[in-house]
Amino acid sequence: MTWNGPLIKIDNFRYEIPSSYKGKDNNLKMKTSAVIYANENMIPSIKNDDAPEQTANSTTLPGIVGKAFAMPDIHWGYGFPIGGVVATDGEEGVISPGGVGFDINCGVRLVRTNLHTEDLSKGKIQELIDEMFRNVPSGLGSKAKIRLSKQELNDVLTQGARSPVENGYGWNEDVDFLEENGCLEDADISMVSEKAKQRGMSQVGSLGAGNHFLEIQKVTKIFDTEAAKVFGVKDEGQIMVMIHTGSRGFGHQVCTDHLRVLEQAVKKYNIWLPDRQLACAPINSKEGESYLKAMACAANFAWANRQLIVHWVRESFEKVLNNSAENMDMGIVYDVCHNIAKLEEHNIDGKKRKVYVHRKGATRSFGPDSPEVPLKYRSIGQPVLIPGDMGTESYLLRGTREAEETFGSTCHGAGRVMSRHRALKKWRGEAVVEELKSRGIYVHPASLKVAAEEAPNAYKDIRTVIEVTHGAGISKKVVRFAPLGVVKG
DNA sequence: ATGTCC
């Protein structure tokens, strides 16, 4: 679908859909306007998609506070666009699984090292990637090499990252550098189906597929020396490891189960929606509360998942380089979620108000002095981790006070411009891997199909996305990374 | 993203 509605330029980085827009069927009742962050060059590809219509639709949520937002990496998603942000009143508002996404707490974790490019020959990069591929099960339907008991899974669902750390998978300090310290305390396992638990049991500690990856990266540019130093990035050539994954089949099942319940709730509470995929329920209803408690379980699952993977990444480096992870200073820089809804306090028209911020393909971007930011980083702001597509660069940004305009949110990645289906028709996996090899990037994909689907040209240019969020001030550039080796699910 | 429909 092509967007034919109004998109009014506010400034170089902001476009508005006014609340007077009536929708493609001329029956839309927008409760507020929507703002899309973009520059002029991105507008054609944004318009050539259903995402603007979905952004306009998202303003109809009961109890919406402020405007609806879409980040420069928006593209079509289930009900809400991927790259969308919507806040609803903490008491009078609704909660919507579509505004969170199927992969609950999909997110990114960055691990630093004190190694430099000269410490790792090309052969070592390949050895490390192959070792990581062996240690971290990857690909569609991949199963973990550890098998949790029922009690252990329940611990994961209620304790998040703390659970593996207490069982020897990680360092005690790790949890200090995770958003929410790697645990949402509202988790309630009785709100999770047996089927979800079944699917989750064998998948804690696996990478998954699609855009999920493990990358060995090098620092290629430092934009903000002071902030970089505080985040543990010292100079160009420093080696980092980035992990991008989520809650696997567990989160998917939680979302599916509760969507079914909330579709009924829409009728029960007499909620008008332009699209049934926006299914939601009042936050204070039985249905809304049960989704939130189950969503917290899935968020905790994802944090435990990334924690186990960090442990195996450290073990891989220890084995291949014959050194200890402590000696290599493999601490966690930070861990962010980009698919989640959380109760947060924000300044709205000069007043503090509690709102449920739905971030779907959007990253929290809290500025300096926020109590949620680790003490070590508090003078700088939250580290914001933005992964690029396979074979292109990734970014470490910092959150800003200006991001309060988006309820403390920014973009989450490059964003697709081409469907997986079209990408499969256009490219061959072998050629994609070869092309990256010729550029000095070693890729170990779980399948050649995924290599073709994830071809770099199927994505927007990450640089443009970053320039827009930097220019708009909702997150600021600190460091740029380039990949040396990739494990691709 | 996802045992791409139990």
Side-chain angles (χ1 to χ4, degrees), chain A residues 49-51 54 71 73-84 96-109 136-144 147 192-214 243-260 263 277 294-295 297-299 301-303 305-306 309 336-341 358-363 387-390 412-425 445-447 449-455 458-459 487-489:
Chain A
D49 190 75
D50 264 345
Q54 292 187 315
M71 297 300 145
D73 46 341
I74 51 163
H75 54 108
W76 181 90
Y78 184 90
F80 298 71
I82 293 163
S96 176
V100 170
F102 277 81
D103 191 1
I104 295 163
N105 191 5
C106 184
V108 185
R109 192 178 293 205
V136 182
S138 308
L140 192 66
S142 51
K143 287 192 181 348
R147 178 81 194 179
V192 172
S193 69
E194 279 308 310
K195 192 174 178 183
K197 289 181 190 168
Q198 283 279 314
R199 287 181 72 175
M201 193 97 77
S202 57
Q203 292 187 331
V204 202
S206 66
L207 189 63
N211 190 27
H212 289 164
F213 65 70
L214 305 176
I243 298 161
H244 178 204
T245 187
S247 51
R248 308 284 287 103
F250 181 85
H252 195 277
Q253 192 63 46
V254 164
C255 184
T256 304
D257 291 340
H258 286 264
L259 270 173
R260 198 168 303 148
E263 277 170 9
Q277 293 185 353
M295 184 205 74
C297 289
F301 182 100
W303 276 309
N305 192 27
R306 292 196 284 276
I309 292 173
V336 297
C337 336
H338 51 227
N339 276 11
I340 202 155
H358 296 67
R359 296 192 183 93
K360 180 190 195 178
T363 310
D389 52 273
M390 172 170 63
H412 90 301
R416 292 196 82 91
V417 282
M418 189 185 292
S419 69
R420 292 180 189 284
H421 184 73
R422 269 188 64 204
L424 266 181
K425 283 192 155 177
S447 71
K449 182 169 175 254
V450 92
E453 287 175 344
E454 295 297 319
Y459 284 85
V487 172
K488 196 74 185 168

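Order of the sequence lines fixes the chain letters, A, B, ..., with proteins taken first and strands second; residue numbering starts at 1 for each chain.
For the pair Y78(A) OH and dT4(B) C1', the computed distance is 14 Å after rounding to whole Å. If you take NE2 of H252(A) and C1' of dT4(B), they are 8 Å apart, rounded to a whole angstrom. Rounded to an integer number of Å, the gap from CD of E453(A) to P of dT4(B) is 13 Å. Rounded to whole Å, atom P of dT2(B) lies 16 Å from atom NZ of K195(A). To the nearest angstrom, P of dT2(B) lies 12 Å from CZ of F102(A). The interatomic distance linking N105(A) (CG) with dT2(B) (P) rounds to 13 Å, in whole Å. Atom-to-atom, NE2 of H212(A) to P of dT4(B) comes out at 16 Å; the value is rounded to the nearest Å. dT4(B) atom C1' lies 14 Å from atom CG of D103(A), rounded to whole Å.
Nearest-nucleotide assignment on DNA chain B puts the 5′-proximal partner with E454(A), out of E454(A) and K449(A).
When all heavy atoms of P387(A) and F213(A) are compared, the pair lying nearest together is CB-CZ, 3.6 Å.
Residue G208(A) is in sugar-phosphate contact alone, with no base atom involved, counting any heavy-atom pair closer than 4.0 Å across all strands shown. G249(A) comes within contact range of the sugar-phosphate backbone alone, with a heavy-atom separation under 4.0 Å but no base atom that close. Residue L140(A) is classed as a base contact, given a heavy-atom separation below 4.0 Å to a base.
For the residue pair H412(A)/D73(A), the side-chain donor-acceptor check at 3.5 Å is satisfied.
Within the 4.0 Å cut-off from OP1 or OP2 of dT4(B), not a single side-chain nitrogen or oxygen of R420(A) is found.
Between the side chain of S206(A) and the backbone N or O of P137(A), no donor-acceptor pair lies under 3.5 Å. Looking only at distances, no side-chain donor or acceptor of N105(A) sits under 3.5 Å from a matching main-chain atom of G246(A).
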